[in-house]
Amino acid sequence: MTAEQAVDATPHLKGKWEEGLQALRGGDKPHIRAADTRAITGSVDVDSALARLPEHAQANRWDFAIGYQHEDRDAECLYWVELHTANDSQVDVVLAKLRWLLRWLQGDGKALDAFERDFVWVSSGATNYTLNGPQRRAFADFALRQTGGILRIPLRRQ
Amino acid sequence: MTNEVSYLEVSMKIIRYKRVAPHLKVENFGPIKGADVTFGDLTVCVGPQATGKSILLQLLKLLVDTPHIKREFGRAGVDWQGQFLAFLDVYFGEGMRSLWKPETRIQLNAAAIDLPQRVEQSRSNRQEAMFFIPAQRVLALRDGWPSAFNFYDASVPYTVREFSEQLRLLMSDFGAEGTLFPVPRRLKEEFRELLQEHIFPGFELKIDTQRAQKRLVLTSKEKEGGSLPVAVWSAGQREFVPLLLGLYWLMVPAGAPRRRGVDWVVVEELEMGLHPRAISVVMLILFELMARGYRVCISTHSPQVLDAIWALQRLKEHGASPPDLLRVFDVPQTPPLLQLAQEVMKRQAKVYYFDRSSGTTRDISSLNSSAEEAGESGWGGLTEFSGRASTAVARAVANSRGKAQP
């Protein structure tokens with residue numbers, strides 16, 4: 001199953017898979033740097049798609065997912081990206097979003113749960129963490145990558 | 001005196017008296033294809049080994065102190081017989097003549113410098129303006145006592161030989177059985193306490209005489225502890241003591257903020273052998289040098305040093321107060337340290353990345369982790385490992401579908 005097929009098989013996301021980075025808002029696209037833009041298989045704006053549903057409307061929802069075909073993988077990988085201010089006051093918000101995403105992937109989003117993935121917090125503005133800091137390691141223990149302001153997707157995932 | 005030489009002298013005077021930011025451009029000198037560095041009150045050079053950080057700093061020393069260097073060589077009987085390439089071998093160390101190429105170009109504050117001509121013609125009595133603490137500083141105390149300039153053969157870089165000579169001269173300030181640390185009039189009390197705790201726990205640094213030969217020893221402050229010679233010191237103590245003595249040289253006890261005539265301080269790889277807590281203390285002492293008006297240049301491979309600079313830059317941007325800066329270093333908020341923090345927050349720090357692939361320098365002073373360019377966002381490679389480690393763990397957790405829950 002491709003990521004596009006998985007999105008179409010997911011309740012409330014059918015037809016929401018878009019080419020390249022078109023699911024991202026214009027201001028969000030510069031935060032994503034793919035080594036080969038042709039390897040981007042598509043993207044989906046989960047946040048907008050689920051915002052109108054009563055059960056998710058008030059939740060801290062995750063932003064979007066990007067599909068990427070790495071040279072060293074047979075199947076697509078999904079980069080689950082949250083663009084968010086990076087400072088102490090926002091840690092709980094982003095972790096709440098990740099909790100929501102993981103619950104959703106266990107339920108309605110289970111078709112997408114099968115893909116190899118990264119959960120990535122990309123800073124929308126300045127990053128007020130030192131990149132060597134313990135926060136980054138604490139996030140990693142929760143499966144979360146903090147990349148600073150740019151997510152760089154390499155050719156090979158390794 | 002040629003135009004180039006006189007222009008350089010004028011430039012150095014302007015830099016010195018008006019505190020104009022010195023701007024050095026170097027092309028095709030050793031591994032440096034193109035360096036473009038504007039020095040701040042504190043300038044930090046980062047980058048992989050053998051990318052030209054030390055060479056650039058030694059070159060700056062040569063430009064700043066040409067007459068003094070020639071005088072020191074003259075006193076030591078070093079004769080390069082007017083051959084510029086031979087001079088490079090004795091100044092930078094044996095075999096380093098290869099740094100120079102026909103296409104080498106050097107500019108200081110936009111003026112082209114003819115280095116061979118400067119080396120040949122420069123003559124004045126101007127005293128040394130830059131104090132250089134080299135990465136190989138441990139050599140200066142190899143035998144437990146600083147050796148004279150002449151003790152080293154011509155294969156050893158000038159900066160090492162001169163540093164050793166300066167420490168040797170400094171020793172005359174202390175008596176035959178003197179205590180070098182802790183000493184009341186040397187360093188702030190807060191620094192002494194921090195150094196005692198983090199580098200010399202339970203020890204004093206003293207001069208001892210063994211079979212008529214003076215030597216430095218660590219003596220236990222407890223009971224009847226014996227004297228520990230250099231050979232049994234910890235690696236951190238061996239690295240730090242020459243640095244401490246260099247700091248003593250710079251922080252004259254007579255009440256003057258700086259040693260007369262000295263404007264610049266270079267400290268290479270300040271972190272060598274030191275625990276992170278000790279690195280924090282050394283960083284604070286470098287801040288003290290900066291607050292005293294020295295223009296400080298350091299090279300480092302320590303992510304912690306950049307963490308400190310990053311914090312300083314961000315705290316300044318956000319209008320933070322001196323106590324915020326002291327919290328970074330986990331030190332008491334005493335009046336002297338608060339005053340130091342206040343001074344430091346007025347100063348400008350610059351950070352340059354020496355990129356091996358391009359042979360160029362990049363100004364990464366903003367330490368912006370959101371920067372477009374990977375060299376800047378990765379702080380010149382110093383956060384690469386941490387980033388890879390975090391990514392590997394995050395990825396493993398994300399794909400294990402295990403129990404870890406935020």
Side-chain angles (χ1 to χ4, degrees), chain A residues 30-31 33 60 77-80 83 86-87 91-103 105-106 110 113-152 154 157-158, chain B residues 46 271 276 279-280 300-318 320 324 327-328 364 366-406:
Chain A
H31 291 274
R33 291 273 190 280
N60 284 306
C77 293
L78 288 180
Y79 286 84
W80 294 91
L83 261 157
N87 60 43
V91 171
D92 288 344
V93 176
V94 174
L95 292 180
K97 284 169 175 267
L98 183 58
R99 276 194 296 274
W100 173 87
L101 177 62
L102 291 171
R103 275 199 306 275
L105 286 168
Q106 298 287 310
K110 61 179 179 293
D113 192 42
F115 286 81
E116 188 175 350
R117 63 199 177 182
D118 279 5
F119 301 114
V120 191
W121 176 359
V122 181
S123 310
S124 53
T127 302
N128 289 321
Y129 292 118
T130 164
L131 292 178
N132 299 303
Q135 294 95 340
R136 215 179 185 194
R137 291 189 283 276
F139 297 152
D141 282 335
F142 292 133
L144 184 61
R145 285 177 62 192
Q146 219 295 346
T147 62
I150 308 259
L151 168 62
R152 291 185 171 81
R157 187 164 160 90
Q158 297 176 327
Chain B
V46 298
E271 70 275 8
I279 294 174
S280 289
T300 185
H301 296 296
S302 165
Q304 185 186 346
V305 172
L306 286 199
D307 274 345
I309 304 300
W310 174 82
L312 173 63
Q313 310 277 54
R314 292 295 179 277
L315 291 173
K316 282 168 62 178
E317 277 171 29
H318 294 281
D324 295 318
R327 277 184 209 105
V328 172
I364 60 166
S366 67
L367 296 175
N368 178 6
S369 56
S370 299
E372 290 276 329
E373 206 280 312
E376 179 170 5
S377 63
W379 292 4
L382 293 186
T383 63
E384 272 174 20
F385 186 83
S386 172
R388 278 202 308 275
S390 299
T391 296
V393 172
R395 190 166 280 171
V397 177
N399 291 285
S400 69
R401 274 79 175 167
K403 291 178 181 171
Q405 286 292 316

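For the numbers below, each heavy atom of this structure counts, side chains included, while hydrogens, waters and symmetry mates do not. Chain naming here is simple, since letters A, B, ... match the order of the sequence lines and numbering starts at 1 in each.
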**Fill in**
Note: A:Asp141 and B:Val397 closest approach over all heavy atoms is O-CG1, 3.7 Å

**Message:** For a quick test of reading the model, state the closest non-hydrogen atom pair linking B:Ser390 to A:Ala140 and the distance between them.
**Reply:** O-CB, 3.4 Å

**Asked** Can you list the residues that meet the side-chain hydrogen bond (donor to acceptor under 3.5 Å, both in side chains) rule with A:Gln106, with sequence neighbours excluded?
**Response** none

**Message:** Please rank B:Ala392, B:Ala398, B:Ala389 by heavy-atom pairs under 4.5 Å with chain A and give me the top one.
**Reply:** B:Ala398

**Message:** Give me the atom names and distance for the closest heavy-atom approach of A:Arg145 to B:Arg395.
**Reply:** NH1-NH2, 3.5 Å

**Asked** Distance from A:Glu116 atom CD to B:Asn399 atom CG, nearest 0.5 Å?
**Response** 5.0 Å

**Prompt:** Looking at residues at least two apart in the chain, or sitting in another chain, which of them share a salt bridge (Lys or Arg N to Asp or Glu O under 4.0 Å) with B:Arg327?
**Reply:** B:Asp324

**Prompt:** Which one, A:Asp113, A:Leu144, A:Leu105, leads in non-hydrogen pairs under 4.5 Å with chain B?
**Reply:** A:Asp113

